[in-house]
Number of protein chains: 2
Amino acid sequence: MAGGVHGADALAPLTAVVLDALRAGAVRRGGPLPGGGPEGVEERFGALEVLPRHGVGAETALRELVELVAEGAADPADPACAAHLHCPPLAVAAAADLAASALNPSMDSWDQAPAATTVERAVTAELARLVYRRGPGSPGPDALITSGGTESNLLGLLLAREEARAAGGRTLRVVCGATAHHSVRRAAWLLGLPEPVAVECPGGRLDPEAVRGALAALPAGAAALVVATAGTTDEGLIDPLPALADAAAAHRARLHVDAAYGGPLLFSERLAPRLAGVERADSVTCDLHKLGWQPVAAGVLAVADARYLAPLRLTADYLNADDDTEAGLPDLLGRSLRTSRRPDALKIAATLRALGRDGMAALVERCVATAEELAARIDAHPGLRRRPGGTGISTVLFRPTAADRLPPEQGDALVAEVRRRLLQEGRAVLGRARAEDGERGGARLWLKATLLHPHTRAADFAGLLDLAAEPVTPVLPAPRTTARTDGGTV
Amino acid sequence: MAGGVHGADALAPLTAVVLDALRAGAVRRGGPLPGGGPEGVEERFGALEVLPRHGVGAETALRELVELVAEGAADPADPACAAHLHCPPLAVAAAADLAASALNPSMDSWDQAPAATTVERAVTAELARLVYRRGPGSPGPDALITSGGTESNLLGLLLAREEARAAGGRTLRVVCGATAHHSVRRAAWLLGLPEPVAVECPGGRLDPEAVRGALAALPAGAAALVVATAGTTDEGLIDPLPALADAAAAHRARLHVDAAYGGPLLFSERLAPRLAGVERADSVTCDLHKLGWQPVAAGVLAVADARYLAPLRLTADYLNADDDTEAGLPDLLGRSLRTSRRPDALKIAATLRALGRDGMAALVERCVATAEELAARIDAHPGLRRRPGGTGISTVLFRPTAADRLPPEQGDALVAEVRRRLLQEGRAVLGRARAEDGERGGARLWLKATLLHPHTRAADFAGLLDLAAEPVTPVLPAPRTTARTDGGTV
């Protein structure tokens, strides 16, 4: 067992095995990810029997499996692993998370997590204050810990749905940008709401006038929620929040801001103005497993008024019986859609206390600055062309100039092929995004670098840029032979 | 950073700090939980500033916070901490989870988790085979990793809702027992479904005849899902699965079994027959953070036919573009309702491989045997009375005989007070459950011991029984002065 007075003694030799295996696996990988693509990885690692009749023992199992996962990782601590909003975690956060695993507090009742409850309360109070610049209260902001932006966005829609229901059973209509994260549509589907109205985003940002038009066009009597994004997944762009808050207010619509990516800019006094207006949102998504360097999961939903969370209240006699609540036992069940719940607040608390607000700001600022330096390097690279316009938070879009010399479809196929070839060969993990090509017009496929590694400089990416510019033969997509079923969710 | 070739070197000194702090905190606690109740814990631990202007550094932050959370934990590794389905985690699982934190694979795309994808596939294949006794395929069973029983039950309802929708847009009606977990009702609420039909459970188990009646009484044309429970939260009872499968089949209803608690009985050849009929369910919830000794979260949803998962399919160009999927990159987005997702399969894999099926079976059998021994000890204790009837999986209900000598309401208040006093004094964490009193008739409040510690014997609980029998003055509930708002969820 990992807990109790002797838990640490049981854990010590096993964590030593894990650290050795992490080291050995990383050395054997020798790059950002394993080569050979999905088939190669499956061949090398797929043979291990997971549930043998007789066990192999803890040390052997850990050595085998951790080496395997380390050797076969796409490691965001390598600068060439820059595809996604997938951060390298800070050692302090990973170490704190070990304590969460060992003690295993569960956040659904106080008697499973006495001190962890106190830590979570302190963390959510600070995060509510960060977003809304005032202390928590009722009325006053509050925040919940979630499993990530997807759950936070779901909560944003759910709370608006319940408010509409309470106000006379009106159906909620969601208005979001075409660039909103897919989880917004998925949440509407899950919650049984009508398909969101997707407003076009010229230049990648929501147009407040178009939102006003969409709100005006809703059926009479509908309740509405505007979902804005502060840091789009594809480009890192921030919607014009003050104008969107005005538009929502003019139509008595609620406003949810998905700041999963951009939220941590608020740690920095210099960058926080980019998110001006976020404090006017009824609810705000923020992920600390992106620009917060936490191991997944470290999601947050902040709300402007703690009373907005009331629909989540729930009584289960075994967890929060009325007489226990009256006797002073905290009622935690309304703090999440989950029941058993890992104390993700612990690693967040350890990180924030270790770095302080200044330290968090410095890391965020470094990522943003590195992206700007990288953009300049791409502009100077003869084999690459950057997407026209500025840099979004820490995201840079670019493509090989070879792609520009081909007809559009072939050029896009070449971009996709560059990305897949680098993946296949284990040399880099770059992302992809379709976005407009400025004055040239038309949407193009771009390579995407999302810079979340706070200890890199643009120079660390020089090799990556040369790789992306290497000549490659585009593979045109084969004619479709099978229909793709996407359920009701796309 | 925790990853990369130097990640282990950064982690090593910090994990040493964490292990020391876990040890120091457990010694200072000196029992199953801290004394002083919520106020005392808040006073002692609530003063730490979580987001100072300047950080205190990683080692100091970890020492402070981990000691605090360890000293202030309700530690399930202590036998007197036996309230909930809240297990002490195995050291091998906690150690493997450190690797998950350090490498931070995210399971929403292959290029964030190459080898972790392989591990998850192996784990879900074994778990599907465990539940359905045949290998995965399409058609053939499959399994998903979830954040716990609550999400698994949500998926069970969602998949049935989508099937009903595809079959002509019929509304799904859920029929469950009054003893079903609260997450079933909450899922229906979340999904916009009608309130589930709750069938009475005489003796704590669903009555198949009553389920047939409830199905027959549904509006004509409604699609139906029967939710059975294999291991109720309050009593650990298993519904009569074969007869319920017959009832569901007779009405062309789908069957979901919530085996969050009981599922791991399937590891044991001796105990698996108690779950006979589970393989007839369309979907099955199973939590390995209960009788599987994993740190939260380690939830599973198994389905009889992989094609049943089709409604979860989703395309997001940045994660699983069609041309990438056609080129052979695994499409993982339909494997969860979450997007970013921690590789909880890694700790499960390490545990299963370390212990083997025999080892898992031995631990499950030990918990069940200890509960039976504990029941015998309670029967022999002069100050306690056990709830009439058998023992449910590893759950035992009992109450002080002093409570029996009082009028019913006062007796129940005494039971609640015993539990709260032990909590307040930091001496034990016992659960509570309302359940029928056999031939005496009427529902009573009982103390609940849920035995999930696989290294304990009934003798380890002797002190706990004496504590529960100590005299105490019941505190009657004060008259209600405020209304409790429970949203639409109760």
Side-chain angles (χ1 to χ4, degrees), chain A residues 1-5 8 10 14 19 22-23 26 41 45 50-52 54-55 58 61 66 69 72-73 75 77 86 88-89 91-92 94-95 97-99 101-104 112 114-115 118 122 126 148 150 182 192 295-296 311 314 316 323 339-340 342 350 352-356 359 477 487 489, chain B residues 1-5 8 10 14 19 22-23 26 41 45 50-52 54-55 58 61 66 69 72-73 75 77 86 88-89 91-92 94-95 97-99 101-104 112 114-115 118 122 126 148 150 182 192 295-296 311 314 316 323 339-340 342 350 352-356 359 477 487 489:
Chain A
M1 301 285 100
V5 177
L14 299 183
L19 294 174
L22 284 173
R23 211 177 272 119
V41 167
F45 304 126
V50 166
L51 185 58
H54 306 292
V66 174
V69 172
D75 189 345
H86 175 215
V92 62
D97 217 13
L98 173 64
S101 295
L103 291 166
N104 201 27
Q112 296 175 87
T118 300
E126 286 298 347
T150 295
H182 66 80
V296 172
L314 178 72
D323 58 311
T339 310
S340 295
R342 185 182 179 88
L352 297 183
R353 186 157 169 80
L355 274 68
T489 65
Chain B
M1 302 283 98
V5 177
L14 300 183
L19 294 174
L22 284 173
R23 210 176 273 119
V41 167
F45 304 126
V50 166
L51 185 57
H54 307 293
V66 174
V69 172
D75 189 345
H86 174 215
V92 62
D97 217 14
L98 173 64
S101 295
L103 292 166
N104 201 27
Q112 297 175 86
T118 299
E126 287 298 348
T150 295
H182 65 81
V296 172
L314 177 73
D323 58 310
T339 310
S340 295
R342 184 180 180 89
L352 297 183
R353 187 158 168 80
L355 274 68
T489 65

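Residue numbers start from 1 in every chain, and the chains themselves are labelled A, B, ... in the order their sequence lines are given, proteins ahead of strands. Atoms considered below: every heavy atom in the structure, side chains included; atoms not considered: hydrogens, waters and symmetry mates.
- In terms of the side chain to side chain contact (heavy atoms under 4.5 Å, CB included) criterion, residue partners of A350(A) (sequence neighbours excluded) are, by chain and number, V92(A), A96(A), L62(B), L65(B).
- Residues L22(A) and A99(B) approach most closely at CD2-CB, 4.1 Å, considering heavy atoms.
- Most heavy-atom pairs under 4.5 Å with chain A: of the set A73(B), G192(B), A94(B), this distinction falls to A94(B).
- Between chain A and the residues H54(B), R353(B), H86(B), R23(B), the largest count of heavy-atom pairs under 4.5 Å involves R353(B).
- Considering all non-hydrogen atoms of both residues, G3(B) and D75(A) come closest at C-OD2, 3.7 Å.
- Between chain A and the options A61(B), S101(B), A8(B), A10(B), heavy-atom pairs under 4.5 Å are most frequent for S101(B).
- The residue among A102(B), G148(B), G359(B) with the most heavy atom pairs within less than 4.5 Å of chain A is A102(B).
- Of the residues considered (P88(B), A95(B), A122(B), A316(B)), A95(B) shows the highest number of contacts with chain A, using heavy-atom pairs under 4.5 Å.
- Contacts of L355(A) with chain B are made by backbone atoms alone, with heavy-atom separations under 4.5 Å and no side-chain atom involved.
- Looking at every heavy atom in both residues, T339(A) comes nearest to H182(B) through OG1-CE1, 3.5 Å.
- Each of A91(A), S340(A), A26(A) has some count of heavy-atom pairs under 4.5 Å with chain B, and the biggest count is that of A91(A).
- The main-chain N or O of V296(B) is found under 3.5 Å from a side-chain atom of N104(A) such that the two form a donor-acceptor pair.
- A pairwise comparison of heavy atoms in P52(B) and L352(A) identifies CD-O, 3.8 Å as the closest pair.
- Between A77(A) and G4(B), the shortest heavy-atom contact is CB-N, 3.6 Å.
- Atom CG in L98(A) sits 11.0 Å away from atom CG in L14(B) (nearest 0.5 Å).
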